[in-house]
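Heads up, the thing below is written out as structure tokens.
Position 1 is the first residue of the sequence, and the numbers go up from there. The model shown is predicted, which means the values in this text are computed figures rather than measured ones.
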Amino acid sequence: CIVRILPAVSDQKLIIHSQDQNTFQLQIPEIFRKENVNISIFDIYGRKIYSSSSNFQNAITFNLNQSDGLFFIQIANTNNQITEPIIIVK
């Protein structure tokens, strides 16, 4: 499974590792590690296909049973938000 993050529009880089065809690990950027953070993934139609909220320390592992395509991952806390496009090819 290949996960490609398109060029960042922010100065915070998102790093996602593919563990198998449906399991991914997102490295949480430093600015989000000290408080509760919301992570959402949207398809190209804007439908939320994944959501989680917690005080993640370094990374979150999530299962995304979707077909190949373009998705958007959003990470937000009280003061910061990053939304980046990702391409998943299995």
Side-chain angles (χ1 to χ4, degrees):
C1 180
I2 299 169
V3 177
R4 179 169 180 246
I5 301 176
L6 300 179
V9 295
S10 67
D11 60 351
Q12 294 292 315
K13 303 292 185 199
L14 299 182
I15 300 172
I16 300 177
H17 302 284
S18 173
Q19 295 182 330
D20 62 37
Q21 285 199 352
N22 296 320
T23 306
F24 303 92
Q25 184 179 61
L26 169 67
Q27 299 296 314
I28 303 298
E30 186 71 34
I31 62 171
F32 295 102
R33 291 186 186 170
K34 295 186 172 49
E35 61 183 274
N36 196 47
V37 74
N38 298 310
I39 297 174
S40 300
I41 300 177
F42 302 90
D43 66 13
I44 60 171
Y45 301 107
R47 293 179 296 214
K48 189 181 292 187
I49 58 170
Y50 176 84
S51 181
S52 184
S53 179
S54 187
N55 189 358
F56 305 107
Q57 293 301 313
N58 295 316
I60 176 177
T61 300
F62 57 93
N63 189 348
L64 189 63
N65 190 13
Q66 298 289 322
S67 58
D68 296 357
L70 175 65
F71 300 89
F72 296 89
I73 186 164
Q74 181 180 77
I75 304 174
N77 63 13
T78 305
N79 299 313
N80 301 289
Q81 178 177 307
I82 296 174
T83 303
E84 295 292 339
I86 58 173
I87 296 174
I88 296 177
V89 180
K90 296 181 182 179

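Taken from CD1 in I60 to OG in S52, the straight-line distance is 4.0 Å, to the nearest 0.5 Å. For the atom pair I75 CD1 and E84 CD, the distance stands at 9.0 Å (nearest 0.5 Å). Note that the CD atom of E35 and the CG atom of N55 stand 8.5 Å from one another [nearest 0.5 Å]. Here the NZ atom belonging to K34 is positioned 12.5 Å from the CG atom belonging to N79, to the nearest 0.5 angstrom. Residue K48 holds its NZ atom at 7.5 Å from CD of Q74, rounded to the nearest 0.5 Å.
The one candidate from N63, I41, I88, T61 that meets the side-chain contact (heavy atoms from CB on, under 4.5 Å) condition with F24 is I88. The residue from L26, I82, L64 that alone fulfils the side-chain contact (heavy atoms from CB on, under 4.5 Å) condition with I73 is L26.
In terms of the side chain to side chain contact (heavy atoms under 4.5 Å, CB included) criterion, residue partners of N80 (sequence neighbours excluded) are, by chain and number, I31, F32, N77. For A76, the side chain to side chain contact (heavy atoms under 4.5 Å, CB included) partners two or more places apart in sequence, or in a different chain, are Q81. Legend: residues meeting side chain to side chain donor-acceptor pair (under 3.5 Å) with S54, ordered by chain and number and at least two apart, are absent.
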Ring pair (Phe, Tyr, Trp, His ring centres under 6.0 Å), that's the test. Do F42 and F71 meet it? Break it down for me.
CA-CA 6 Å; F42 302 90; F71 300 89; over 10 Å; no

Kindly determine whether Q66 and D43 satisfy side-chain contact (heavy atoms from CB on, under 4.5 Å), including the steps that lead there.
CA-CA 9 Å; Q66 298 289 322; D43 66 13; 5.8 Å; no

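Judged purely by distance below 3.5 Å, without hydrogens or angles, the side chains of N38 and S53 pair a donor atom with an acceptor atom.
For L70 against P85, the heavy-atom pair with the smallest separation is CD1-CB, 4.0 Å.
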